[in-house]
Engineer: 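Have a look at this one before I ask anything.
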Amino acid sequence: MQQTLIVLKPDCVQRRLVGTIIERFEKKGLRLAGLKLLTPSRKLAEDHYAVHKGKPFYDSLLQFLTSGPTVAMVWEGREAVTVARTLMGVTDGTKSPPATIRGDFALSVQNNLVHGSDSPENAAAEIKLWFKPDELVAYRPTDADWVG
Ligand code: DAT
Ligand code: MG
């Protein structure tokens, strides 16, 4: 079963949208495997966004991600990486279609509420950065045969 890392960024917590956004993933049928509230350290933010090092927005992005509490989550299910990215919409809130998270709630490029892994390989690496193995919980939801 595929897993993905979802991080509700500081703007999501500050704007009190945590419950609203979690509901999108939960209602889709993905299964919550881990969840915690933390303000990311500079080191965690640097490792998480290492692929963007050197880009003009990199420093601002790190400043933003470390500016306050975030909600880090692992969601799992069939095609969890792609399913989560589809629910999120595209990076720029102004271009993200309605009924996506960013389309419905974001206007900014940087402050776009949510991070989601972009491949199963990156998901595995990112989950290791944000979670210890014993912080993830394996279980079988009672509706698994219905949800798929
Ligand atoms: P995504 O979060 O959709 O995977 P990404 O990995 O390309 O997007 O970029 C990571 C984050 O960096 C993104 O959520 C917001 C910020 N970002 C990306 N491009 C940007 C830009 N041109 N200006 C400002 N921030 C940007
Ligand atoms: Mg990305």
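As the structure lists them, so they are numbered: ligands from 1, and atoms in each ligand from 1.
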Engineer: Would a 4.5 Å heavy-atom cut-off, applied to side chains only, mark Glu135 and Lys36 as touching?
Structural biologist: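 Yes, their side chains come closer than 4.5 Å.
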Engineer: Can you figure out which of Lys9, Arg102, Arg85, His115 has its heavy atom closest to atom 2 (O) of ligand 1?
Structural biologist: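 Closest candidate by heavy-atom distance is Arg102.
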Engineer: Rounded to the nearest 0.5 Å, what separates atom CG in Leu30 from atom CD in Gln3?
Structural biologist: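 If we round to the nearest 0.5 Å, Leu30:CG and Gln3:CD are 11.5 Å apart.
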Engineer: For ligand 1, which atoms have a heavy atom of Asn112 less than 4.0 angstrom away?
Structural biologist: 13 (C), 14 (O), 15 (C)
Engineer: Asp118 near ligand 1, heavy-atom distance under 4.0 Å?
Structural biologist: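 Checking ligand 1 against Asp118, which is what was asked, there is no heavy-atom contact under 4.0 Å.
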Engineer: Is there a heavy atom of Lys55 sitting under 4.0 angstrom from any atom of ligand 1?
Structural biologist: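 The answer is no, since Lys55 has no heavy atom less than 4.0 Å from ligand 1.
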Engineer: Heavy-atom distances under 4.0 Å are what count here, so tell me which part of Leu61 touches ligand 1: side chain, backbone, both or neither.
Structural biologist: side chain
Engineer: Taking N or O atoms only and a 3.5 Å limit, does His52 qualify as a polar contact for ligand 1?
Structural biologist: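 It does: an N or O of His52 is found under 3.5 Å from an N or O of ligand 1.
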Engineer: How are the rings of His115 and Tyr49 set to each other: parallel, tilted or perpendicular (split at 30° and 60°)?
Structural biologist: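 Aromatic pair His115/Tyr49 classed perpendicular.
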Engineer: Do Asn111 and Lys9 have side-chain atoms, one donor and one acceptor, less than 3.5 Å apart?
Structural biologist: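 The answer is no; no qualifying pair exists.
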Engineer: May I ask you to check whether Gln110 and Ser60 show a side-chain donor-acceptor distance below 3.5 Å?
Structural biologist: yes
Engineer: If you measure every N/O of Tyr49 against every N/O of ligand 1, is any gap under 3.5 Å?
Structural biologist: no
Engineer: Can you pull out the closest protein heavy atom to atom 15 (C) of ligand 1? Residue, atom name and distance to 0.1 Å, please.
Structural biologist: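 Here the closest protein heavy atom is Val109 O, 3.4 Å.
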Engineer: Atom 3 (O) of ligand 1: which protein heavy atom is closest, and how many Å away?
Structural biologist: Thr91 OG1, 2.6 Å
Engineer: Using a strict threshold of under 4.0 Å (side-chain N to carboxylate O), is an ion pair present between Arg42 and Asp47?
Structural biologist: no
Engineer: Starting at NZ of Lys43, measure out to NE2 of His48 and round the result to the nearest 0.5 Å.
Structural biologist: 13.5 Å
Engineer: Where is the nearest protein heavy atom to atom 24 (C) of ligand 1: which residue, which atom, and how far?
Structural biologist: Phe57 CB, 3.5 Å
